[in-house]
Amino acid sequence: MIRIESVTKRYPDGTMAVDRLSLEIPDRSITVLVGPSGCGKTTTLRMINRMVEPTEGTILLDGADIQRQPVTTLRRSMGYVIQNAGLFQHRTVVDNIATVPRMLGWGRQRARERAAELMERVGLDTALAKRYPYQLSGGQQQRVGVARALAADPPVLLMDEPFSAVDPVVRKGLQDELLRIQEELGKTIVFVTHDIDEAVKLGTMVAVLREGGRLAQYAPPAELLSDPADAFVEDFLGADRGIRGLSFLSTTALELTTDPVIPPDATAERIGAADAAHLLVTDGEGRPLGWSEPRRLTAGDIRPDRLLPYGRPFVPGVDSLRVALDCAVLSPTGWAVAVDDAGRVRGVVSQQTIGDAIRTAHQDGRTAHQDGRAGDEKVLG
Amino acid sequence: MSGFFDIPSDLQHSWAGLIGLHLREALIPVAAGLLLALPVAQLCGRFRRLYPPVLGLTTVLYAIPSLAFFVVLIDYTGQTELTVMIPLALYSLVVLIPAIVDGVRSVPDETLAAATAMGLGPVRRYTQVQLPIAAPAIIAGLRVATASSISLVSVGALIGNQGALGNLLAAAQKYDRPELAVNAVLTMAVLAILCDVLLVLLRVLLTPWMPRGARSGTKSGARPGRFEEAEVKAL
Ligand SMILES: Nc1ncnc2c1ncn2[C@@H]1O[C@H](COP(=O)(O)OP(=O)(O)OP(=O)(O)O)[C@@H](O)[C@H]1O
Ligand SMILES: [Mg+2]
């Protein structure tokens with residue numbers, strides 16, 4: 001565990017970059033430092049690997065003061081990833097990744113094998129091994145940066161806005177990849193970003209810093225969204241924190257109904273019996289085809305091309321309430337379609353019912369939020 | 001009538017011998033200049049306040065005519081090649097130091113931060129990261145220094161025939177054989193071009209990591225202005 005104890009950094013010109021910051025960074029989880037520009041995130045991160053020395057306070061790594069070990073040893077036990085990757089432009093992809101292993105005295109062959117293994121782990125085609133950084137896209141460079149940081153299998157990974165220079169689609173891919181890698185390798189990751197959405201998506205714990213390097217709040221993301229400590233945090237979270245908080249609520253308990261769901265060969269009685277403004281027609285295997293008003297349906301002659309689109313379905317227990325609500329909002333009928341892993345309809349649910357579920361969840365209190373990491377491919381520590 | 005390649009015997013060298021001599025007198029100073037420039041540039045990179053005075057000093061040295069150097073040096077080193085080569089080495093600093101400093105500074109901060117964070121100490125950072133990335137700029141500087149050095153060797157003719165091919169210029173006058181002057185100028189030009197081509201080849205070999213098309217290497221160090229200056233000086 002990394003313990004930051006009342007650490008202060010005042011730069012020689014008098015800038016107060018970090019002000020009596022205390023944080024306990026749990027092992028094998030992602031801790032995110034987030035805050036506006038200049039609030040001391042990079043400074044904090046660099047104090048952990050001693051690229052910046054604190055003015056006051058101590059940092060403990062597994063109980064031992066980081067000042068007590070040689071700085072190069074400390075740094076080699078911590079991978080470091082930065083914006084624009086900071087790759088060595090004069091070295092090929094494999095040689096970039098193999099830098100630390102080579103420095104630790106590994107043979108060339110073993111270091112290269114390790115590099116190839118890591119390329120696969122971070123989702124890079126090993127055919128890129130002999131390329132130089134200029135021959136890679138921004139996203140690929142960033143992946144090389146992550147692979148290089150992981151090369152000597154350090155227990156700690158420090159990441160400073162690693163994904164902020166790539167476009168949103170690539171960024172999402174990299175974030176998902178990081179969550180997957182974290183799940184597989186169980187590193188202790190300290191991740192800096194100024195993007196609150198990224199913080200909420202990746203963080204097991206999120207530390208919100210404010211100008212002057214003071215800690216505004218340190219909490220799991222769900223708690224941050226539901227219970228911001230003050231106006232600054234609330235403002236920083238943005239206008240739709242309520243909606244975003246739904247990402248942490250599960251759809252497992254959502255009440256589904258199969259009443260308006262009919263097979264393609266439904267009889268006239270079945271169509272007439274349904275007490276709903278719209279019916280969802282499925283195909284022979286039970287996969288959704290589309291919505292229709294009952295009076296527009298003729299038993300025995302249901303035409304899929306005449307149906308209203310059913311929008312995007314959600315998978316109960318896998319997707320969050322936010323996804324379910326989104327599906328309902330996008331559905332032309334206001335009903336969200338729930339499917340199983342194979343895409344077969346399990347039932348439908350109205351906006352009304354989802355709204356009730358949200359209220360119930362909120363009433364159940366914050367305790368539910370704290371362990372309720374439903375939805376999203378989240379990783380718990 | 002004597003031929004284009006018949007060198008008067010008082011020069012004590014054949015044409016090929018003069019070429020060898022010329023290259024030696026031109027290239028050893030550049031190599032020595034590089035050896036001197038590397039640590040000086042490193043210091044200038046470390047202590048930024050040192051750089052402007054060092055640049056000023058090299059410019060002043062460059063402004064001193066070689067004849068003045070010879071007058072001073074001759075008491076110590078006599079009428080030898082060394083007397084010619086010392087000022088040439090000093091002149092080369094005026095392009096080499098800024099070339100190295102700019103080249104090393106062109107290494108992106110992120111790259112350096114990454115190197116530091118990976119636990120590379122200052123020595124490794126310099127030899128494994130900064131110098132290789134600065135190589136194109138350094139070679140650009142070497143190209144200018146080499147070309148100017150090749151033409152500057154001629155002034156050695158002023159002190160007892162130490163000007164290698166430059167001695168032909170004096171001989172052309174003495175024996176009224178203008179073709180010797182043409183020979184000297186052409187040979188020096190060809191040598192300069194050949195050395196330049198070799199340096200370009202060296203850069204291509206050293207920098208497979210540079211995007212094609214961006215290899216012109218004019219980013220730093222090789223200031224065209226200085227090149228012209230050097231040529232003017234050679235006249
Ligand atoms: N070497 C330095 N000397 C003086 N002041 C510095 C130095 N490095 C950073 N600062 C100042 O310290 C404060 C915190 O800087 P830091 O880089 O930690 O911020 P940050 O949160 O990472 O910002 P950003 O999101 O813009 O990267 C800023 O006001 C910055 O100007
Ligand atoms: Mg920063």
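Since the model is a prediction, treat every value here as computed from it, not as a measurement.
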A135(B) portion near chain A, given a 4.5 angstrom heavy-atom threshold = neither

remark   = P208(B) and Y134(A) have their tightest heavy-atom pair at O-CE2, 4.2 Å

query = Checking L87(A) against chain B: side chain, backbone, both or neither under 4.5 Å from a heavy atom?
reply = backbone

query = Should we say atom CG of D167(A) is surrounded by more than 12 heavy atoms from elsewhere, each under 6.0 Å from it?
reply = yes

query = Where does L206(B) contact chain A at under 4.5 Å (heavy atoms): side chain, backbone, both or neither?
reply = neither

message = Looking only at heavy atoms and a cut-off of under 4.5 Å, which of R50(A), M78(A), Q135(A), R91(A) has the most pairs with chain B?
response = R91(A)

request  = Supply the atom-to-atom distance E110(B) CD to I82(A) CD1, rounded to the nearest 0.5 angstrom.
outcome  = 5.5 Å

query = Does H90(A) reach the main-chain N or O of Q128(B) with its side chain, forming a donor-acceptor pair under 3.5 Å?
reply = yes

request  = Would you give the length of the straight line joining atom OG1 of T116(B) to atom OH of Y80(A), rounded to the nearest 0.5 angstrom?
outcome  = 9.0 Å

query = Name the one of R148(A), R75(A), R76(A) that satisfies side chain to side chain contact (heavy atoms under 4.5 Å, CB included) with M118(B)?
reply = R148(A)

key: OG1 on T111(B) to CG on N96(A), rounded to 0.5 Å   = 9.0 Å

task = Considering only heavy atoms and a distance below 4.5 Å, find which of P108(B), A113(B), A117(B) pairs most often with chain A.
result = A117(B)

remark   = If one checks every heavy atom of Q83(A) against chain B at 4.5 Å, the contacting part turns out to be backbone

ask   = Just wondering, do L120(B) and T72(A) contact through their side chains at under 4.5 Å, heavy atoms?
value = no

query = Within a radius of less than 6.0 Å around CZ of R10(A), do more than 12 heavy atoms belonging to other residues, nucleotides or ligands occur?
reply = no

remark   = Under 4.5 Å to a heavy atom of chain B? For R131(A) that would be neither

ask   = Is there a side-chain contact between P133(A) and W209(B) (heavy atoms, below 4.5 Å)?
value = no

query = Non-hydrogen atoms of chain B under 4.5 Å away: do they reach the side chain of M103(A), the backbone, both or neither?
reply = both

key: Taking every non-hydrogen atom, the tightest pair across A114(B) and G86(A)   = CB-O, 3.5 Å

